[in-house]
Amino acid sequence: MPEAAHRELTFAQAVREALAEEMRRDSRVCIFGEDVAEAGTPFKVLSGLVEEFGTERVVDTPISEAGFTGLAVGAAMTGLRPVVDIMFGDFITLTMDQMANQAAKVHYMSGGKWKVPMVMRTTLGATRRSAAQHSQSLHAWFSHVPGLKVVLPSTPYDAKGLLKTAIRDENPVVFFEDKMMHHKLKGPVPSEEYTIPFGVADVKRAGSDITLVATSSMVQVALGAAALLEAAGISAEVIDPRTTWPLDEASLIESARKTSRVIVMDEGYGRYGVTAEIAAVIAEGAFYDLDAPVKRMGAMHVPIPFSPPLEDATVPTEQSVFEAAQALCGRS
Amino acid sequence: MPEAAHRELTFAQAVREALAEEMRRDSRVCIFGEDVAEAGTPFKVLSGLVEEFGTERVVDTPISEAGFTGLAVGAAMTGLRPVVDIMFGDFITLTMDQMANQAAKVHYMSGGKWKVPMVMRTTLGATRRSAAQHSQSLHAWFSHVPGLKVVLPSTPYDAKGLLKTAIRDENPVVFFEDKMMHHKLKGPVPSEEYTIPFGVADVKRAGSDITLVATSSMVQVALGAAALLEAAGISAEVIDPRTTWPLDEASLIESARKTSRVIVMDEGYGRYGVTAEIAAVIAEGAFYDLDAPVKRMGAMHVPIPFSPPLEDATVPTEQSVFEAAQALCGRS
Amino acid sequence: MTTAAHHPEADSKISVEHWLRMYRQMVSIRLFEEQVNELYTRALMPGLAHLYAGEEAVAVGICEALRPDDYITSTHRGHGHCLAKGASPDRMFAELLGKEAGYCRGKGGSMHIADPATGNLGANAIVAGSVGIATGAAFSAKRLGTNQVAVCFFGEGALGQGVLYEVMNLAQLWKLPVIYVCENNLYTEYTHYSETTAGDIVARGAAFGLHAESVDGQDVRVVHDTATRLVERARQGQGPAFLCCNTYRYSGHHVGDINREYYRSKQEEQRWKSERDPIKLLGDWLSQQKFADSVLFDSIHSQVKSEMEKAVKFAIAAPYPSPEEVEQDVYA
Amino acid sequence: MTTAAHHPEADSKISVEHWLRMYRQMVSIRLFEEQVNELYTRALMPGLAHLYAGEEAVAVGICEALRPDDYITSTHRGHGHCLAKGASPDRMFAELLGKEAGYCRGKGGSMHIADPATGNLGANAIVAGSVGIATGAAFSAKRLGTNQVAVCFFGEGALGQGVLYEVMNLAQLWKLPVIYVCENNLYTEYTHYSETTAGDIVARGAAFGLHAESVDGQDVRVVHDTATRLVERARQGQGPAFLCCNTYRYSGHHVGDINREYYRSKQEEQRWKSERDPIKLLGDWLSQQKFADSVLFDSIHSQVKSEMEKAVKFAIAAPYPSPEEVEQDVYA
Ligand SMILES: Cc1ncc(C[n+]2csc(CCOP(=O)(O)OP(=O)(O)O)c2C)c(N)n1
Ligand SMILES: Cc1ncc(C[n+]2csc(CCOP(=O)(O)OP(=O)(O)O)c2C)c(N)n1
Ligand SMILES: [Mg+2]
Ligand SMILES: [Mg+2]
């Protein structure tokens, strides 16, 4: 991160700034979604954009996730660069055909002739007391689909730089925001222009005894656990792949080979999910250097319950990661 | 398999027989799908059922995958046991909301009060020259969702026994059939009644030097490769988990510990897919016994191309598995 | 003013009791929601809730036309439907607070209340998420010959979801006993429905062949008479219906939506409350007809009020589910 | 018989040439499909194809009302649309055979032909899969001020898919220049549309406020006149339209659907062929009007025939894409 970055923005502000800058830069960029205009989304992430860019470019839609995602695919093919807002990540269920069968395949099926430069912004993450249909982290589904790219920013800095890259990309990109971060997480964001390339993992904290691979909401948890571990004399490296596709396998493997112990953390379900892929990649790539099996921590494999004490039990915490890391290092 | 099993059925016949038996046994079982009645599905898997059970129980639907899957959820909650037919597995994209946000969660969200005893039968597999929207193997998506069970039969025997279990299960179950097997794969199926429990892997061939974990369409490929390997002096075990959820982790790990070398094969995309989960499970569970990294083989990470030479390159073959296994055993 | 012809039962003794019962139920819903808002304001309720105040005549007028074993499905704004169908306030509050005594053992929360005992197939947090379920329940009723009817409540925002049209087509093709009740309260979150709804709402039902009408959703007598007629029709095998109830929500989209002048004026809200309040409208008519007077109304209000206060106390005192419950009821 | 009023251009010289051009195009499609069937029968074509023979007047009548840069989206039964919009038979055959010279370098095959040069956004193998894309193209056209119009072709089976209603709503709300053309050929695979389509087809468009009509899809003059009017309307900003063209497919659902008496009679097929053939109907009218005679028709047929034979030869001789291509064009 550049030295000059003295400005602190919330995650939501960083997202908004990325959108505003790209919309100024390129008149083809437009936004579609439910209550994105005057309301600025229920999460108030887009507040102010319609005032600057008008309802022609910040377009309120009916509750038609499949319909307006499909529309965005066609608009992207024919000269616009749509950014589609799917309020809760749980609603991507309704867009799977448009994304997986259309957006992801148009370029390939047409022999490279048509392109679909669109972005879907959506959310992930539990602990918001929103229950099973408003708390899922389903990014593994899209990560499974060739033709899509999947971005999981974990800081305001990353959010801004990665979203700008997403908007400039010639492919369909899905951008998942942890809704708990929007207004709660602040961080430095330089005022000068920057972008962050896809497929480049970021070491959020260097360490030597154990690697915590963490995505999105789990990065802060990993950093908290790393602080606890430090106090216990264990040096944890926290590395964030930032994009699940493309995936920076080399950096993850390198960190694993260095520390020889790994926990992979992701708020999605682990089973057939992101931690499975990353654990498999590391177990293969660092096979001869690992001192212990790669451990995976994700959402408990249950629909997210509403009741607070139950919900809190479903997500890895600093404490649970700390304990798992200690155990892995033979310290518990 | 019982000794008495001298009868040979095709995969399609086995599926049909399971349905017919369960429909005779339980009048609540009914079938919904496009062209399932008189046409007996485009794959002719259900031929004859409407003649026996009538159009009240074998119900032709409009092309409304979301609608009739949703209808099945409600019907299952209120006393029927629907079997929904989604012609090509590629079309599950349209049912993700009904399956993941409704069927999978109703039981949990209602605190255990409502149940959804339904089955979705659908297909997977490429090499049928059907191109990118009719060739996908998307079972990893459902395997990722708590509340669903996912079945991948690889023989007529398994298809019949597992489908009967699926229909009797009190939960939503997704049953994937390799469409290339329907009429091409024959195998022994006893005439006496049997069911196969979920979560029990089946050793399709015993061996000692390497484990080939294979699902669905990949089982025959694995068996073919095992024969080639035998000729080359390598004894391969072929083990089929049969259900990706519940997953028989213990048996897979046991086989891996015995042979110390593993290839995991599944026709879905490997990335963030079934091979990732199984490889991660084995790499963790057999950590101290593996002599080589677990290798994964799945569909190439591209939309399935139409052109025959290209399409053929996307799927593991006996030869490519043979070569990979030899390499893993230090023999290439 | 509506004439006796519209309210054929208006002069019999039984019907007066029936109207008084409905009056009481509307008051119950109103005061229930006041308590919910209070719980939110006092930070005693986890998460958010969507209040039904203002729309009471719809839920009550329709549910009073149903048998106890008839089915309903509900929405994120579901408290009114649940109560009108017979749920008891104490267990509903308990659910809203995530307590074990709640209808879903705290797992569902405000948006997922379900109760087999009152035919409540569940509130649903996916807009239009339950239209398939309701249609399936009607399918079961018809197939099993139970003479039950299913009512599917949804906001006009659900008109944006394609699956609604899929299932209306199925219902009409198969003459299923289901009533699709569109509660047009003018807003989908923060957007006026005219910005998201082209054409004519009633025509959308009629286009699929359904019997379709619209009514004043603030006049419980009209709603109830119409519902009685449509339910009767459905019960007698004459097929589904589409009923648009024109209504208004008094509060914000959810309890936290306080400053809403950017999407609707205080005057508009005031007008509905003073001129079109469903409780007042029924009360005025009952008074005019000399069926009741303010003494009776006051006593109903105070009885209900203390009932609600007791129910809230119960819920606050009730224990949370034990932590082990989190993994229970994922599978039946 | 239609009157001059319906065919205002019928007496000008230019229009005769135009009708002759359409005649020739219909013959091209007919003979193209004959070759496809032949390729299938001779086992030279991988996979299956869905023939458009019988429906030529729809594609030709409509595409002749379009500018070269206007957009179309097509379906699994797409050869007619592609040809009518200007695709050349040689590259289409090459695509059907999976050759590199094909429109999609062999990656798409029969169901995915796409071509930016002729405004063809792509055939689509998901029923209703391209309705979003067409609507999005119309959105771009409006936003970018290009005055282009998009035509979305689909079979009446697509009326079962909810996303169609979602995008019609969007198109009408935003007055997008898109025409939804429903080709009602009476069957969805093996089921008569009356078993899957409740209510009235035209009403389904009208319910969403679209200008909606239906025409005799066998009379190219009626189709063309209507299309010209609707396209003009759309181009002038008057919004979308829904056009149902009543037509018939002569062959099976796909080339392999030979025995179809279980779902439709030979007499019915014969009746359409002898009484309602679009080529014959136009030919008869041209003859009656003395605009052309059998000599001219014969020469057109034989010219087209040799053109098709040449194109097939080209495709058969053309090379497959090289194996490396399989991983190209997944991402732009
Ligand atoms: C599929 C889906 N998209 C978006 C949302 C977010 N959302 C919740 S309520 C709502 C508005 C619903 O409006 P309406 O159907 O009119 O019901 P009302 O709130 O007015 O009762 C929206 C957009 C959702 N829950 N589900
Ligand atoms: C979503 C989806 N469901 C099912 C299918 C399988 N399918 C292919 S064509 C077809 C029938 C389509 O009928 P219609 O739309 O009338 O077109 P037609 O074949 O008559 O031209 C079906 C069911 C599909 N391709 N996509
Ligand atoms: Mg509303
Ligand atoms: Mg058709």
Side-chain angles (χ1 to χ4, degrees), chain A residues 27-28 30 32 55-57 59-82 84 94-95 97-118 145-149 169-173 198-199 245-246, chain D residues 71 73 95 100 102-109 111-117 119-126 128-144 146 148 150 152 161-171 173-174 176 178 321 325 328-332:
Chain A
S27 66
R28 298 169 304 171
C30 51
F32 295 95
T55 52
E56 290 261 297
R57 293 182 65 195
V59 186
D60 270 344
T61 65
I63 310 174
S64 307
E65 282 82 1
F68 68 77
T69 300
L71 182 145
V73 176
M77 291 169 72
T78 52
L80 297 179
R81 299 184 86 84
V84 159
L94 296 159
T95 71
D97 193 65
Q98 299 304 321
M99 293 303 286
N101 278 333
Q102 309 301 339
K105 293 180 171 47
V106 160
H107 187 63
Y108 191 84
M109 292 194 305
S110 69
K113 285 193 193 153
W114 289 109
K115 289 186 299 187
V116 185
M118 70 181 275
V145 178
L148 302 179
K149 298 184 181 180
D169 200 286
E170 296 297 327
N171 299 284
V173 177
F198 291 168
W245 198 257
Chain D
Y71 294 115
T73 64
E95 190 59 38
E100 192 187 328
Y103 272 104
C104 311
R105 306 184 68 79
K107 280 176 169 158
M111 296 198 287
H112 301 287
I113 292 172
D115 178 30
N120 181 351
L121 292 160
N124 210 302
I126 301 293
S130 70
V131 300
I133 293 173
T135 312
F139 188 95
S140 287
K142 178 161 184 178
R143 244 300 295 290
L144 301 172
T146 61
Q148 287 158 293
C152 179
Q161 293 287 7
V163 68
L164 172 65
Y165 307 100
E166 297 189 13
V167 299
M168 289 203 297
N169 187 43
L170 298 175
L173 281 171
W174 301 336
L176 304 182
V178 52
E325 281 228 20
Q328 282 166 20
D329 294 328
V330 180
Y331 293 96

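Numbered from 1 within each chain, the chains take letters A, B, ... in sequence-line order.
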Among D/Arg105, D/Glu95, D/Lys107, which has the most heavy-atom pairs under 4.5 Å with chain A? D/Lys107
Looking at D/Gly132, D/Ala332, D/Gly108, D/Ala114, which one has more heavy-atom pairs under 4.5 Å with chain A than the rest? D/Ala332
Most contact-rich option vs chain D, by heavy-atom pairs under 4.5 angstrom, among A/Leu148, A/Val73, A/Leu71, is A/Leu71
Check each atom of A/Glu56 against the heavy atoms of chain D and say whether the ones under 4.5 Å are side chain, backbone, both or neither. both
For D/Ala150 and D/Ala134, which heavy atoms make the closest approach, and how far apart are they? CB-O, 3.5 Å
Kindly say whether D/Gln328 contributes a backbone atom to a donor-acceptor pair with the side chain of A/Tyr108 at under 3.5 angstrom? no
Pick from A/Lys149, A/Gln98, A/Lys115 with the largest number of heavy-atom pairs that fall under 4.5 Å of chain D: A/Lys149
May I ask you to test the A/His107-A/Met77 pair for a side-chain heavy-atom distance under 4.5 Å? no
With a 4.5 angstrom heavy-atom cut-off, which part of A/Ile63 approaches chain D: side chain, backbone, both or neither? neither
Does any backbone or side-chain atom of D/Tyr165 lie under 4.5 Å from a heavy atom of chain A? Answer side chain, backbone, both or neither. neither
Structural part of D/Gln148 lying under 4.5 Å from a heavy atom of chain A: neither
Which atoms of D/Leu144 approach chain A - backbone, side chain, both or neither, heavy atom under 4.5 Å: side chain
Do D/Glu100 and D/Glu325 have side-chain heavy atoms sitting under 4.5 Å apart? yes
Which bit of A/Val116 comes within less than 4.5 Å of chain D, counting heavy atoms only: side chain, backbone, both or neither? neither
Drop me the distance from D/Thr73's OG1 to D/Ile133's CD1, to the nearest 0.5 angstrom. 7.0 Å
Between A/Thr61 and chain D, which part of the residue has a heavy atom less than 4.5 Å away: side chain, backbone, both or neither? both
For the residue pair D/Phe139 and A/Phe32, does the interplanar ring angle fall in the parallel (under 30°), tilted (30 to 60°) or perpendicular (over 60°) class? perpendicular
Considering all heavy atoms, the nearest D/Ser140-A/Gly79 contact: OG-N, 4.3 Å
For A/Ala72, is it the side chain, the backbone, both, or neither that has a heavy atom closer than 4.5 Å to a heavy atom of chain D? neither
Looking at A/Gly67 and D/Glu166, what are the two nearest heavy atoms and their distance? N-OE1, 2.7 Å
So, the part of A/Lys113 with a heavy atom under 4.5 Å from chain D: the answer is both
Where does D/Leu173 contact chain A at under 4.5 Å (heavy atoms): side chain, backbone, both or neither? side chain
Which answer fits D/Ile113, side chain, backbone, both or neither, if we ask what part of it has an atom under 4.5 Å from a heavy atom of chain A? neither
Between A/Thr95 and A/Thr69, does the side-chain hydrogen bond (donor to acceptor under 3.5 Å, both in side chains) criterion hold? Intermediate values first, please. CA-CA 7 Å; A/Thr95 71; A/Thr69 300; 5.0 Å; no
Is there a side-chain contact between A/Val173 and A/Phe198 (heavy atoms, below 4.5 Å)? yes
Segment of D/Asn124 engaging chain A (4.5 angstrom heavy-atom cut-off): side chain
